[in-house]
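Below is one structure, written out as structure tokens, with a few remarks after it.
Quick caveat, the model's predicted, so the values are computed rather than measured. Per chain, numbering begins at 1; letters A, B, ... match sequence-line order. Values below: every heavy atom of this structure, side chains too, minus hydrogens, waters and symmetry copies.
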There are 2 protein chains.
Amino acid sequence: MTAVAFQSYPQADPRVDALVTDVIGRVADKWTMLVLEVLVEHGEVRFTQLGRLTGKISQKMLTQTVRAMERDGLIIRTVHPVVPPKVEYRLTDLGYTLAGAFCGVWTWAEANIERIEAARAAFDARVPC
Amino acid sequence: MTAVAFQSYPQADPRVDALVTDVIGRVADKWTMLVLEVLVEHGEVRFTQLGRLTGKISQKMLTQTVRAMERDGLIIRTVHPVVPPKVEYRLTDLGYTLAGAFCGVWTWAEANIERIEAARAAFDARVPC
DNA sequence: CCGTATCCTGTCGGATACTG
DNA sequence: CAGTATCCGACAGGATACGG
């Protein structure tokens, strides 16, 4: 399936490219990046605490995000057999290297917010609804 | 390897944080990154050509993506008044700096695909069903 | 406290058809 | 060639309720 427009492109290795795209898509998620940032800053963090620090994230999305990140080997989930339950999350070495890679994007966004907003305003003035 | 050494994240302004998140969300899009990569590699590219080079992207999504990127000041759209129409896209300076920032993530993904797939396989074996 | 399960709505995104 | 317009299925993701 997926017979789409623009098929057949002279790329070197479509398999590797697809995998990289997949990894990027998974990892470049909004919540993934925020969780990554929180864990870099705070080290080991509990579930609810992680939710608060991440901002307005629903419990559902937080669960999904940490689960996917654990599956990808980015974080480690530690369950303490106590009552009430205590679960802590921390980055793996792989997670730290990813955070390092994303650091560039994060600082870029911070540094260029004003330029982007200016560009948007100019565009919207140029192309009104 | 590893050796993370992360400088602590400076500010704590929720407004700025929201904006950064917004920018990240916009810019970390799958198609945005692919278009970015193609334009870095090929310089100035026409619409259909861009579609082919980007891989399996529908015309609709390509239009949306380039429009949003133009609005954000990442690319420049040049219309040549000829028949048949000829429209070319190229990166702005801002676009190039973004591509540079993403370069780290891209190479990270390439370098760690195998580790991620191994982690996923291990996780799925550990947590079946 | 740490989740899972369910419902429900908005948005994403592909397919198709048409214009300058 | 370079779009625009429209229909529509799929799914992300919030709100809520419940369980270990």
Side-chain angles (χ1 to χ4, degrees), chain A residues 1-9 18 21-22 24-35 38-39 44-71 75-90 123 127-129, chain B residues 18 21-22 24-35 38-39 42 44-71 75-90 123 127-129:
Chain A
M1 50 194 300
T2 62
V4 197
F6 303 128
Q7 61 265 56
S8 77
Y9 56 105
T21 300
D22 172 54
I24 294 279
R26 175 72 58 88
V27 128
D29 175 66
K30 172 188 175 184
W31 298 125
T32 299
M33 279 190 295
L34 288 178
V35 168
V38 168
L39 291 183
E44 197 155 20
V45 174
R46 299 182 61 174
F47 183 80
T48 306
Q49 190 185 2
L50 188 55
R52 281 199 307 270
L53 293 169
T54 313
K56 288 204 73 70
I57 181 176
S58 65
Q59 207 166 9
K60 177 183 174 182
M61 291 317 297
L62 181 56
T63 301
Q64 281 183 17
T65 302
V66 293
R67 203 68 76 203
M69 291 176 74
E70 186 193 4
R71 190 172 106 96
I75 63 179
I76 290 180
R77 177 173 176 269
T78 309
V79 182
H80 298 87
V82 296
V83 188
K86 180 177 183 179
V87 180
E88 290 186 314
Y89 297 89
R90 61 186 169 85
F123 184 90
V127 187
C129 285
Chain B
T21 300
D22 172 54
I24 293 280
R26 175 71 58 87
V27 127
D29 174 67
K30 174 186 174 183
W31 298 126
T32 300
M33 278 190 295
L34 289 177
V35 167
V38 167
L39 290 183
H42 294 81
E44 198 155 22
V45 173
R46 301 181 61 175
F47 183 80
T48 306
Q49 189 186 2
L50 187 56
R52 272 184 285 109
L53 293 170
T54 312
K56 294 175 183 176
I57 182 176
S58 64
Q59 206 167 8
K60 176 184 175 182
M61 290 318 297
L62 181 57
T63 301
Q64 282 184 16
T65 302
V66 292
R67 203 68 75 203
M69 291 176 73
E70 185 194 5
R71 189 171 107 96
I75 63 179
I76 290 179
R77 176 172 176 271
T78 310
V79 182
H80 297 89
V82 296
V83 188
K86 179 176 182 178
V87 180
E88 288 185 314
Y89 296 89
R90 61 185 168 86
F123 184 89
V127 188
C129 171

Tell me whether the OP1 or OP2 atom of [N] has a side-chain N or O from [X] closer than 4.0 Å.
X: Arg46(B); N: dA2(D); result: yes
X: Arg67(B); N: dT4(D); result: yes
X: Arg52(A); N: dC1(C); result: no

Handout entry: Sub-4.5 Å side-chain heavy-atom contact between His80(B) and Val82(B)
Key =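 A side-chain contact under 4.5 Å exists here.
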Exercise for the section: Report yes if some heavy atom in the side chain of Thr32(A) is under 4.5 Å from a heavy atom in the side chain of Met69(A); otherwise report no. Expected result: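 Yes. Closest side-chain heavy atoms under 4.5 Å.
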Handout entry: Length of the line joining Leu50(B):CG and dG3(D):P, which is rounded to integer Å
Key =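 Atom CG in Leu50(B) sits about 10 Å away from atom P in dG3(D).
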Exercise for the section: Take the protein atom OH of Tyr89(A) and the nucleotide atom P of dC1(C), then report the distance between them rounded to whole Å. Expected result: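 Tyr89(A) atom OH is separated from dC1(C) atom P by 14 Å.
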To the closest 0.5 Å, what do you measure between [atom1] ([X]) and [atom2] ([Y])?
X: Leu62(A); Y: Tyr89(A); atom1: CG; atom2: OH; answer: 7.0 Å
X: Arg77(B); Y: Arg71(B); atom1: CZ; atom2: CZ; answer: 15.5 Å
X: Glu44(B); Y: Leu50(B); atom1: CD; atom2: CG; answer: 11.5 Å
X: Thr54(B); Y: Leu34(B); atom1: OG1; atom2: CG; answer: 6.5 Å
X: Gln64(A); Y: Lys60(A); atom1: CD; atom2: NZ; answer: 5.5 Å

Handout entry: Base versus backbone protein contacts along nucleotides 11-20 of chain D [heavy-atom cut-off under 4.0 Å; B, S, -]
Key = --BBB----B
Practice task
Name the residue closer to the 5' end of DNA chain C, choosing between Thr63(A) and Pro84(A) according to the nucleotide with the nearest heavy atom.
Solution key: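 Result: Pro84(A).
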Handout entry: Shortest non-hydrogen contact between Trp31(B) and Lys56(B), atoms and distance
Key =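 It is CH2-O, 2.9 Å.
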Problem - Base-pairing string, 5' to 3', of DNA chain C - Watson-Crick or wobble, under 3.5 Å, | interstrand - result: |.||||||||||||||||||
